[in-house]
Amino acid sequence: MSTTDTAGTGTTTTDNSTETAAGAPADAVAIDTDKLMGFVFRAVDEVGATLNAALVVMGDKLGYYRDLAAHGPTTPAQLAERTQTAEPYAREWLNAQAAGAYVTYDPATRRYTLPPEHALAMTDADSPAFLPGFFQIALGTVHDTQHIVDAARSGAGYGWHQHDTDVHVGCERFFRPSYHAHLVDSWIPALNGVQHKLEAGALVADVGCGHGASTILLAQAFPNSRFVGSDYHAESIQTARERAAAAGVEDRVRFEVATAQEFGPARADARYDLVAMFDCLHDMGDPVGAARHVREVIADDGTWMIVEPMAGDHVEDNLNPVGRAYYGFSTLLCTPSSLSQDVGLALGTQAGPARIRDVTTAGGFTRFRSVAETPFNRVIEARP
Ligand SMILES: C[S@@+](CC[C@H](N)C(=O)[O-])C[C@H]1O[C@@H](n2cnc3c(N)ncnc32)[C@H](O)[C@@H]1O
């Protein structure tokens, strides 16, 4: 291939030296150098953003954001001393944060400041704007890239349980703030008749519960109800039990290691009033099998609440920043998870409501309603 500048106009022609079947050269492709350099510099920004994922996790783990939030304008030496870290690391980290506009820098005083809005997003784990968990799950996911490269070649999957711990902890820290903000105050009330049942005393299953953030929030809000959280990942269930003990809800919450195709009530004849699945249906290899099982263990007037990543039904609906992040997770985390299990349906993180509806219908559910949305989640009500 050769590239020729045409008369200094900023346009070059690229001769791919490809010959047609008849032996004639293929048409030269005109290259707009402004567009080329625009693309290159956009990519430079993204390399900085890629590294920034690690810098955010570093700042979160070392307490840099919390320290900057608690103190005003700060020098690298002050940050290092207060966090008991080495000054060169604090200095370079601050410079990277300033270049990325996470902190501001005042050349006159040589001090760095975390603006109040950024402080909220970087330090308040109860705020729906909380960001470190999002970065932590992203970085943990990226950490396992080589396994996904290998899996893409072989067609194998890569299970949730095989991932770096940052994936499991980051997942909890990413989703919990949104559940904390919306689950009890708006998602449960949006479901037909469910709030009243939970207040009176209902039997609830939280399937694929991970570290149990949603189970514990529900248990805190509805003390008359009983909750069973389940997940196939034993380490996550162990953490969920510890979280429930710390939250003081052990009396009404039980956690068990079980797949979505086998979880069940302690008494064989009991039926669940509410089965919830938070951000996990698309991770399963056999979501239709799970749907059939939910139908077997749910009361005839029960409700299946499905919380899925926000998505439209068509690729073009999801070509936006949230869709970009979710397609990234889909490629590296959720689709490999599904492929690692029996059936391996590989719904994808951006399955969209129409395909989720198909899953519920195949499982024997007849009613389907999208009841709430946030920028990150869609909440669905499926009923027998
Ligand atoms: C994205 S995480 C969501 C965890 C939790 N629901 C939350 O919102 O924080 C997906 C969860 O689904 C679980 N999972 C995947 N396949 C499963 C299956 N077939 N049965 C039960 N759990 C499953 C994983 O172990 C993981 O905890």
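One-based numbering, in listed order, for ligands and for the atoms of each. Excluded from the calculations below are hydrogen atoms, water molecules and symmetry mates; all remaining heavy atoms, backbone and side chain alike, are included.
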Whether over 12 other heavy atoms sit under 6.0 Å from H161 NE2: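 It does: H161 NE2 has more than 12 such atoms within range.
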
CD (Q84) with more than 12 external heavy atoms under 6.0 Å: no

Contact with ligand 1 for S214, non-hydrogen, under 4.0 angstrom: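 Not so, S214 does not reach ligand 1.
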
Proximity flag C209 to ligand 1, non-hydrogen atoms under 4.0 Å: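 Under 4.0 Å: yes for C209.
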
Plane angle bin for W304 and F365 - parallel if under 30°, tilted between 30 and 60°, otherwise perpendicular: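 It falls in the tilted class, 30° to 60°.
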
Parallel, tilted or perpendicular, as decided by the 30° and 60° cut-offs, for the rings of W187 and H182: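 Answer is parallel, since the angle falls under 30°.
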
Closest protein heavy atom to [atom], given as residue, atom name and distance to 0.1 Å:
atom	value
atom 13 (C) of ligand 1	D231 OD2, 3.4 Å
atom 23 (C) of ligand 1	Y232 CD2, 3.5 Å
atom 4 (C) of ligand 1	G208 O, 3.4 Å
atom 9 (O) of ligand 1	C171 SG, 3.9 Å
atom 20 (N) of ligand 1	A260 N, 2.9 Å
atom 12 (O) of ligand 1	C280 CB, 3.3 Å
atom 3 (C) of ligand 1	D279 O, 3.5 Å
atom 8 (O) of ligand 1	Y179 OH, 2.5 Å

Numbering as shown, the atoms of ligand 1 that approach H233 to under 4.0 Å (heavy-atom distance):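 Answer, ordered by atom number: 25 (O).
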
Proximal atoms of ligand 1 relative to D283 (non-hydrogen, under 4.0 Å):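 In order of numbering, the contacting atoms are 1 (C), 10 (C).
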
Note: R378-D279 ion pair, threshold 4.0 Å (strictly below):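 Salt bridge: no.
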
F278 contact mode with ligand 1 (heavy-atom cut-off under 4.0 Å): both

Q341, portion touching ligand 1 at heavy-atom distance under 4.0 Å: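 The side chain, only.
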
From CA spacing to verdict: side chain to side chain contact (heavy atoms under 4.5 Å, CB included), F227, L218: CA-CA 8 Å; F227 301 85; L218 286 171; 3.6 Å; yes

D317 side chain vs H314 backbone, donor-acceptor pair below 3.5 Å: yes

Nitrogen or oxygen atoms of M284 and ligand 1 under 3.5 Å apart: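 Looking only at distances, the answer is no, because the N/O contact criterion of under 3.5 Å is not met.
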
Test applied, ring pair (Phe, Tyr, Trp, His ring centres under 6.0 Å); reference residue, F278; option that passes from F376, Y179, F174: Y179

In one Ile/Leu/Val/Met/Phe/Trp/Tyr side-chain cluster, 4.5 Å: V103, M58: yes

Over all atoms of both residues, closest heavy-atom pair of Q350 and R355: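 Taking every non-hydrogen atom into account, O-NH2, 4.0 Å.
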
